[in-house]
Amino acid sequence: MSEKGRVVGRFAPSPSGRMHLGNLWSCLLAWLAARSQGGGVVLRLEDLDPDRCRVEYCDQVMRDLEWLGLTWEGEVVYQSRRTQAYTQAFQELEEQGLIYPCYCTRAQRLAASAPHRSDGLSVYDGRCRRLSPQERQKLAWTRTPAWRAEVPDREVVFQDLLQGEYRENLSRDCGDFILRRSDGVYAYQLAVVVDDAFMGVNQVVRGSDLLSSTPRQLWLQERLGLPHPQYGHVPLLLAPDGRRLAKRDRDLELGQLQQHYSAPQLVGRLAYGAGLLDRPEAITPEELVPLFTWDKLPREDLVLQ
Ligand code: GLU
């Protein structure tokens, strides 16, 4: 998909509701980062979870990006249509002996959505890795397992475009993680790695709450023989009480914002927050391209007042 050396960024929204200010903020920065280097952005709708995602939200996400002036290139990729590719990657990992069945319950439900740090996911203690074949057989009578990747006791280090060096020990800081839920839905971590490579993405710009997912993704890329993109994790926009914005913050949802702001006004406010403008004046994404540099961006999360 990509010409050699050209930056290919991406939008990867989850269509589980209307986009809110936080989603727009990371999409704008991903777009500017790619465009300011002469590149472009592809669009992937992360509609893996059939319980949370709907077709009408997918259409709405695209209309909202267009409204804002954030364009993308090529075919839109829907994760719900990519099961075959995930199965293939899953089998490759299985052949490497890296996967085991997990009969624990709660994590299975959560694994298909991107694990934002504030969700407070804890390190899995590896309980099901240590089950004997007899114990597994017994549990399999009553339960369908989820499937976990067995991570090595290894430090993964990478250079983030904004956060600098980031390191994590896979087994100590992250633990064995879910690749496939018990209902057959593939997990975010696997899908994202397979799709970034498939779409030729070489620059991932996203919220810093996904920073701690990156070591897992780098490790999966290595196991699957896929290239590593560059990563830039941008600060989050937080609700006035310090929470990460959620779909329930209706007043910061695009539908509401559109009643008060034109697209250039909204872009101008976001650009001001990003340190790209001295004041929140109306501006188009296109006009912002020459103003974007990584060193202007804040490192700390921004609390909305
Ligand atoms: N779909 C994820 C979200 O909306 C983003 C995943 C990613 O950027 O890797 O939170």
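All values below were derived from every heavy atom in this structure, side-chain atoms included, with hydrogens, water molecules and symmetry-related copies excluded. Indexing begins at 1, ligand by ligand and atom by atom, following the structure's order. Throughout, residue positions are numbered sequentially from 1 according to the sequence presented. Predicted, not measured: the structure shown is a model, and the values here were computed from it.
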Show me which atoms of ligand 1 lie under 4.0 Å from any heavy atom of [X].
X	answer
Ser14	1 (N), 2 (C), 3 (C), 4 (O)
Tyr188	6 (C), 7 (C), 9 (O)
Val192	9 (O)

Inset, instruction - Quick one: name the residues clustered hydrophobically with Leu238, using the 4.5 Å side-chain heavy-atom rule over I, L, V, M, F, W, Y, and just say none if it's on its own. - result: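 Noted: Leu238 shares its cluster with Leu236, Val303.
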Inset, instruction - Can you sort out the partners of Tyr100 under ring-ring contact (aromatic ring centres under 6.0 Å, His included), two or more places apart, ordered by chain and number? - result: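 Result, ring-ring contact (aromatic ring centres under 6.0 Å, His included) vs Tyr100: none returned.
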Inset, instruction - Pick one of side chain, backbone, both or neither for how Leu210 approaches ligand 1, counting any non-hydrogen atom pair under 4.0 Å. - result: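 Under 4.0 Å from ligand 1, Leu210 contributes side-chain atoms alone.
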Legend entry - Criterion side chain to side chain contact (heavy atoms under 4.5 Å, CB included) against Pro285, the qualifying member of Leu28, Leu68, Leu270, Thr71: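 Answer after filtering Leu28, Leu68, Leu270, Thr71: Leu28.
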Inset, instruction - State if Arg10 counts as touching ligand 1 under the rule of any non-hydrogen atom under 4.0 Å. - result: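 Judged by the 4.0 Å heavy-atom criterion, Arg10 does count as contacting ligand 1.
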Inset, instruction - Step through the shown structure and confirm whether more than 12 heavy atoms of other residues, nucleotides or ligands are within 6.0 Å of CD on Glu66. - result: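 For Glu66, atom CD is crowded (more than 12 foreign heavy atoms under 6.0 Å).
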Inset, instruction - Determine, considering heavy atoms only, which of Arg206, Met19, Arg44, Glu46 sits nearest to atom 6 (C) of ligand 1. - result: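 Closest candidate by heavy-atom distance is Glu46.
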Inset, instruction - Taking the six-membered ring for Trp and the full ring for Phe, Tyr or His, determine whether the centres of Phe177 and Tyr124 are under 6.0 Å apart. - result: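 Distance test on ring centres: not under 6.0 Å, no.
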